[in-house]
Amino acid sequence: MSKLLITGAAGFIGTNCAMSLRNDFDLILIDNFSRSGSEKNAAMLKDLGLTVLDIDIADRSALNSVLEKQGELSALLHLAAQTSLLESLKDPIVDFDSNALGTMNLLEYLRVNNPNCRGIFLASNKVYGNLNEFDFIQRGRRFVPDGNKSAFGEDLPILPKGGYSISKSISDSYVQEYGKRYSLPVISLRQSAVYGPYQNPRSDQGWVVHFLRELNAKNVVQLRGEGLQVRDIL
């Protein structure tokens, strides 16, 4: 059976992917359990016969030691990350290590040891910055771009603002570079506002589930801004 490595496997996307793909791949699951709730997800995966190894992708030696024992990888799903803008401001080093250095360690391992492994890496829509170069107007109960523009495409210029945005932009750029320079079959996705089962949200990250939990608990939801912002959710 083909081997699939999932980093950040005890996060909510990793947990859902592991549950969905466990019958199709020989899964190698790793996580550093820095996210609150990840231990609970790992315990649930263990009940399904899946073990999540405690590995920090920023530790190149530890990462390589584990991967070298696994043999040939068919695919990589890189989900491990520091995902909070506010946390990136509190501890920029952890943010860089998780998002930029960790990605580099994985790319280097593939380049040297497993160049045919197909890799899906997750960046962020934050690589585009804050979109302050556009004007917005209020229309009804929402803000919309001024003029005829109804949406933003991935052809927007990369203008990262703030630590999290910069570290994810570095990750995204290196994935593109390794794909072109070394012909690795890798791709970087710039998803936004992801939510779903087994997520452990906070007010600064995972806002869709956070809002729903607060509303179900009949708590007042704290909003930043005027509440007219529009976001795509996945």
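Residue-environment remark: OH (Tyr128) exceeds the threshold of 12 foreign heavy atoms within 6.0 Å. Atom CG of Leu228 is surrounded by more than 12 heavy atoms from other residues, nucleotides or ligands within 6.0 Å.
Not a single salt bridge (Lys or Arg N to Asp or Glu O under 4.0 Å) links Lys218 to another residue, sequence neighbours left out. Partners of Pro145 according to the side chain to side chain contact (heavy atoms under 4.5 Å, CB included) rule, which considers only residues two or more places apart in sequence or in another chain, are Phe136, Lys149, Phe152. For Ile166, the side chain to side chain contact (heavy atoms under 4.5 Å, CB included) partners at least two apart in sequence or on another chain are Pro160, Ile170. Judged as a salt bridge (Lys or Arg N to Asp or Glu O under 4.0 Å), and not counting sequence neighbours, the contacts of Asp172 are Arg190. Qualifying side chain to side chain contact (heavy atoms under 4.5 Å, CB included) partners for Tyr195, counting only residues two or more places apart in sequence or in other chains: Gln199, Val208, Val209, Ile233. With sequence neighbours excluded, the residues satisfying salt bridge (Lys or Arg N to Asp or Glu O under 4.0 Å) with Arg181 are Glu177.
Across every non-hydrogen atom of Leu45 and Ala18, the tightest pair is CD2-CB, 4.1 Å. Taking all atoms of both residues into account, the shortest heavy-atom contact from Val175 to Val186 is O-CG2, 3.5 Å. The minimum heavy-atom distance linking Pro185 with Pro115 is given by the pair CD-O, 3.3 Å. When all heavy atoms of Ala123 and Lys168 are compared, the pair lying nearest together is O-CE, 3.3 Å. Nearest heavy-atom pair, Ile57 versus Ser98, reported as atom, atom and distance to 0.1 Å: CD1-O, 3.7 Å. The heavy-atom pair separating Phe143 from Val230 by the smallest distance is O-CG2, 3.7 Å.
Side-chain atoms of Leu53 and Val66, non-hydrogen and from C-beta on, do get closer than 4.5 Å to each other. Annotation: side chain of Phe121 is not in contact with side chain of Ile187 (no heavy-atom distance under 4.5 Å).
Judged by distance alone, the side chains of Asp95 and Gln82 do bring a donor and an acceptor atom under 3.5 Å apart.
Residue pairs meeting the side-chain hydrogen bond (donor to acceptor under 3.5 Å, both in side chains) criterion with at least one member in residues 56-68: none, sequence neighbours excluded. Applying the side-chain hydrogen bond (donor to acceptor under 3.5 Å, both in side chains) rule to pairs touching residues 154-165 yields nothing, sequence neighbours excluded. Sorted by first and then second residue, the pairs that involve residues 101-119 and meet side-chain hydrogen bond (donor to acceptor under 3.5 Å, both in side chains), not counting sequence neighbours, are Glu72-Asn114, His78-Thr103, Thr103-Ser171, Glu108-Arg111, Glu108-Tyr178. Screening residues 11-40 for salt bridge (Lys or Arg N to Asp or Glu O under 4.0 Å), with sequence neighbours left out, gives no hits. Residue pairs satisfying the side-chain hydrogen bond (donor to acceptor under 3.5 Å, both in side chains) criterion with at least one member in residues 223-234, sequence neighbours excluded, are listed as follows: Ser192-Arg231. Pairs passing the ring pair (Phe, Tyr, Trp, His ring centres under 6.0 Å) check and including a residue from residues 3-54, sequence neighbours excluded, do not occur.
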